[in-house]
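First comes the structure, then the notes that go with it.
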2 protein chains.
Amino acid sequence: MADFASTEQRLAVTCRRYPDFPRRPGVLVRLIKHIHKLLHDEANVLLKPHGINHPEYNLLMMLYGTTSGTMSPSELADAAGEKSANITRLTNELCEKGLIARSGSADDRRKVELSLTPQGHAAIDGFLPDICTLLARQGRHLTTSEQIQLEKLLKKFLSGLAD
Amino acid sequence: MADFASTEQRLAVTCRRYPDFPRRPGVLVRLIKHIHKLLHDEANVLLKPHGINHPEYNLLMMLYGTTSGTMSPSELADAAGEKSANITRLTNELCEKGLIARSGSADDRRKVELSLTPQGHAAIDGFLPDICTLLARQGRHLTTSEQIQLEKLLKKFLSGLAD
DNA sequence: GGCAAATAGTACATTTATATAATATATACA
DNA sequence: TGTATATATTATATAAATGTACTATTTGCC
């Protein structure tokens, strides 16, 4: 997908054929989809040499972002936006790689507590410099105030979903 | 993922632990991911009664948006952001459902031309009212000028990717 | 204590997406 | 014309994501 111009061209044709089509939200949805794909792919390329993929990276960073350092699988699924069935597979992979560890919860024996191992922390320290470079590069065409404005508008857009 | 507050909390912890982490681009990336997932899921729920899923919907709408009414598989892959290997399967499904048709290209015999069948057009006429309602609802928390502004910022953000 | 009802987690089957490599046709150029 | 090269498409194997159903533990109520 070279640029976004052809997408807009197609939406223009769509609106000619079906005048009720909400063009602006339609553009936004296709932009989000397009951007998401690029972000996902770029992250995967960067992370591959580190031995993990984007979903695994997300799980590690969710754990890294907790104050307690632990989460249950269902909390992790919720945080990362993964379906619970998927969490089993992903956490299995991360366990096999030695990056996270499972242990039974003391206060609720239904739960399992997931936490980063020392190797997990080391892995994060290993890829975070690259990730920081990537994130900074991805946002470089926006000024700080534009980033703030974009964040605000995305949150507002988000508030119109799923309720 | 109930709201976005817990995500911001995690990013705050991350920045405390790793001060170089680019918080604003990080927020944007997670917002995009979150929004994309919701959009994808909502579209799938809406489309299921119509017998298709979101990727198939996208392909149909790409064809609907051309003036000629035809695209080659590779053009379609590019337009929809799907990998070429995936297009074979998806177009096969749509052919089996009778919604699109294949035919050899006259001017370049390497190519195959894909086009909507009358049933394909009928299917589009069937789900477009629902889609329009959904799109309008999804964008309802943004004023027109906010939608324009968001579109502009997303395009600018997009311009920082993949080059 | 014992019995629903709720919740967390997992296992399995299926669907969806990707990567790789193979095949086929057209194009460029000697 | 013949050969190399580029491009388009498909086949196959693999990986990733999802849906459904099942097990186990806790909770609330009798």
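Please read all numbers here as calculations on a predicted model, not as lab measurements. Here is the naming used below: chain letters follow the sequence lines, and residue numbers restart at 1 for every chain.
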Using whole Å, what does the distance between atom C1' of nucleotide D/dT10 and atom CG of B/L114 come to?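 These atoms are roughly 13 Å apart.
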
Rounded to whole Å, how long is the line connecting atom CD of B/E82 with atom C1' of D/dT10?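 To the nearest whole Å, that distance equals 16 Å.
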
From B/I100 CD1 over to B/R102 CZ, what is the distance, rounded to the nearest 0.5 angstrom?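 These two atoms lie 6.5 Å from each other.
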
To the closest 0.5 Å, what do you measure between CD (B/Q149) and CD (A/E146)?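 B/Q149 atom CD to A/E146 atom CD measures 8.0 Å (nearest 0.5 Å).
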
With distance as the sole test, does A/R23 use its side chain to make a donor-acceptor pair with the main-chain N or O of A/A12 at under 3.5 Å?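 A pair under 3.5 Å: no.
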
Any donor-acceptor N/O pair, B/R24 side chain to A/T144 backbone, under 3.5 Å: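 Looks like no, no N/O pair under 3.5 Å.
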
Taking it one step at a time, do A/N53 and A/L47 satisfy side-chain contact (heavy atoms from CB on, under 4.5 Å)? CA-CA 6 Å; A/N53 58 28; A/L47 291 165; over 6 Å; no

Need to verify one output field. Residue with the more 5' nearest nucleotide on DNA chain C, A/S84 or A/H40?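 Nearer the 5' end of the strand: A/S84.
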
Stretch residues 85-97 of chain A: residues that reach within less than 4.0 Å of DNA chain D through a heavy atom: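 Those residues are A/A85, A/N86, A/R89, A/E93.
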
Under 4.0 Å from any atom of DNA chain D, heavy atoms only: list the residues of residues 51-76 of chain A that qualify, in numerical order.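 Heavy-atom contacts with DNA chain D come from A/N53, A/P55.
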
Would you kindly say whether B/H40 and B/N44 are connected by a side-chain donor-acceptor distance under 3.5 Å?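 Present: a donor and an acceptor within the cut-off.
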
Distance under 4.0 Å to a non-hydrogen atom of chain B counts as contact; along DNA chain C, which nucleotides mark the start and end?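 Footprint of chain B along DNA chain C, 5' to 3': C/dT16 to C/dA26.
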
Please step through side-chain contact (heavy atoms from CB on, under 4.5 Å) for the pair A/I32 and B/L154, ending with a clear verdict. CA-CA 8 Å; A/I32 297 277; B/L154 283 174; 4.1 Å; yes

Could you check B/Y57 against B/I131 for side-chain contact (heavy atoms from CB on, under 4.5 Å), going step by step and ending with a plain yes or no? CA-CA 10 Å; B/Y57 159 81; B/I131 288 288; 3.4 Å; yes

Should B/L116 and B/L99 be marked as a side-chain contact (heavy atoms from CB on, under 4.5 Å) after you check the CA-CA gap, both sets of side-chain angles, and the distance that decides it? CA-CA 6 Å; B/L116 291 169; B/L99 304 180; 5.8 Å; no

Would you name the heavy atoms of A/H141 and B/S159 that are closest together and state the gap between them?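 Heavy-atom minimum between the residues: ND1-OG, 2.7 Å.
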
